Amino acid sequence: MSIGSEPIIYGLIFVGVLVLVEGLYLTVFGRSISLDKRVNRRLELLEKHGNREQVMETLRKEMEQHLKARRVPLYAILSVKAQKAAIAFTPKQIVMIMAATGVLAFLGLTIGTATPLPVRILVSAAMGVGGVYMWISLKASKRMGMLEEQLPDAIELMVRSLRVGHPFSSAIGIVANEVSDPLATEFGVIADEATYGRDIGEALKDMAERLDMQDLRFLAVAVTIQQQAGGNLAEILSGLAKVIRARFRLFRRVKAITAEAQWSGKFLSGFPLFAIFGIQMIKPDYYDEAMDHPWFIPAVLIVGVFLVLNVIVMRALVNIKV
């Protein structure tokens, strides 16, 4: 039983799939979809096209297209994450990319390895789907993290705008123009929708549900209650900003406390695999006699199930809701 260079080739091909998808995304959309620039995407589109209604429809289509395509085969597993990541690719384009990367992975496995054809087909399909899924997951995690960090500052900016006499719709517009992406484009769409007559509370509620973000739900509820019952919206939002900051600090503290348990779970799950790899590199024939035993394959499957259960249980133990 010799490991050889095939696992390294598998890893390199999978990394190549991730790099290829990211490179294709940047080639098609360039800096317009980057989250680390000062000018937000909505303002760039307005400067480029000049038609406010056209830009609003373009952004709304991008924001809603993934959830509408949940019935597309193979796409339902990543539609929610693609929605949170605001991927500009259409669902059909993402499915095509998964197929194309799977074909390229198959060619790489054919050239670089001597594995049987069924194994190559299964592994290349897993790389195509898994690579795109991991890429979208990373995009979603980064974008949602930035939204959570930006929201308290945006609410405080709205509070200052309300206190100097601006209406709430103008306060939303100020946030859309002054802060950076991703929150700026989200609030910019709400400001444009309010200009064309949509209720701001309803628009905020839809955004909160689309992003599945609890703090945005608090904001939507606060605005809706103030619209119906009246009151000092500036004071309400000021208190909400303090609550969101306190929740954010508590969440970071919980994350720091549970970091050791999280990494322990990952280490305990990954250590057997690294141990097997190390043993095979040092003594390739170590498991030759054990492989001939009739219980070897069932034991390997049982160990694999326990490793997966270990990851799931450890993740559930440290997944503390704030």
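In what follows, every heavy atom counts, from backbone to side chain, and hydrogens, waters and symmetry copies are set aside. Note that this is a predicted model, so its numbers are computed, not measured. The first residue of the sequence shown is numbered 1, and numbering continues consecutively from there.
Note: Ile87 CD1 to Arg143 CZ = 9.0 Å, rounded to the nearest 0.5 Å. One distance of note links CG of Leu240 with CG of Leu151; it measures 7.5 Å at 0.5 Å rounding. Atoms CE and CD, from Met207 and Glu193 in turn, are 10.0 Å apart once rounded to the nearest 0.5 Å. To the nearest 0.5 Å, atom CD of residue Gln226 and atom CD of residue Gln228 are 10.0 Å apart. Note: Ser141 OG to Ile136 CD1 = 11.5 Å, rounded to the nearest 0.5 Å. Note that the CZ atom of Phe89 and the CD1 atom of Ile94 stand 7.5 Å from one another [nearest 0.5 Å].
Residues Leu104 and Leu18 fall into different hydrophobic clusters, defined by Ile, Leu, Val, Met, Phe, Trp and Tyr side chains chained together at heavy-atom separations under 4.5 Å. Side-chain heavy atoms closer than 4.5 Å link hydrophobic residues (I, L, V, M, F, W, Y) into clusters, and following such links, possibly through other members, connects Phe218 to Leu233. Transitive grouping of hydrophobic side chains (ILVMFWY, heavy atoms separated by less than 4.5 Å) keeps Val15 and Leu20 in distinct clusters. Residues Val21 and Leu138 share a single hydrophobic cluster, defined by chaining ILVMFWY side chains whose heavy atoms lie under 4.5 Å apart.
A donor-acceptor pair under 3.5 Å is formed between the side chain of Thr110 and the backbone N or O of Phe106.
Annotation for Ala220 and Gly201: closest pair CB-O, 4.4 Å, computed over non-hydrogen atoms. Minimum heavy-atom separation, Ile236 to Ala222: CG2-CB, 3.8 Å. The shortest non-hydrogen separation linking Ala241 to Ile155 is CB-CG2, 3.8 Å. Counting all heavy atoms, side chain and backbone alike, Leu211 lies closest to Lys84 at O-CE, 3.6 Å. Nearest heavy atoms, Pro152 versus Ile244: CG-CG2, 3.6 Å. The two residues Val17 and Met127 have their closest heavy-atom pair at CG1-O, 3.9 Å.
Pairs of residues two or more places apart, or lying in two chains, that qualify as ring pair (Phe, Tyr, Trp, His ring centres under 6.0 Å) and include a residue from residues 130-157 are Tyr25-Trp135.
Tested against Leu204 for a side chain to side chain contact (heavy atoms under 4.5 Å, CB included), the candidates Val221, Asp199, Ile190, Thr224 yield a single pass: Ile190. Partner of Leu147 under the side chain to side chain contact (heavy atoms under 4.5 Å, CB included) criterion, out of Leu216, Leu183, Asp215: Leu183 alone.
Val223 has its side chain within reach of Leu219: a pair of non-hydrogen atoms, C-beta onward, lies under 4.5 Å apart.
Ion pair Arg252/Glu149 flagged as a salt bridge, since at least one NZ, NE, NH1 or NH2 atom sits closer than 4.0 Å to an Asp/Glu carboxylate oxygen.
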Criterion side chain to side chain contact (heavy atoms under 4.5 Å, CB included) on Glu156 and Asp153, from CA distance to verdict: CA-CA 5 Å; Glu156 290 179 350; Asp153 294 332; 4.2 Å; yes
Pair Ile174-Met158, side chain to side chain contact (heavy atoms under 4.5 Å, CB included): steps then yes or no: CA-CA 8 Å; Ile174 291 173; Met158 286 189 283; over 6 Å; no
From CA spacing to verdict: side chain to side chain contact (heavy atoms under 4.5 Å, CB included), Arg160, Val164: CA-CA 6 Å; Arg160 292 193 293 269; Val164 299; 5.9 Å; no
Residue pair Phe187, Gln150: steps toward the side chain to side chain contact (heavy atoms under 4.5 Å, CB included) verdict: CA-CA 12 Å; Phe187 272 77; Gln150 288 180 305; over 6 Å; no
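Heavy-atom contacts from other residues, nucleotides or ligands closer than 6.0 Å to CE of Met213 number more than 12. More than 12 non-hydrogen atoms from other residues, nucleotides or ligands lie less than 6.0 angstrom from CZ of Arg163.
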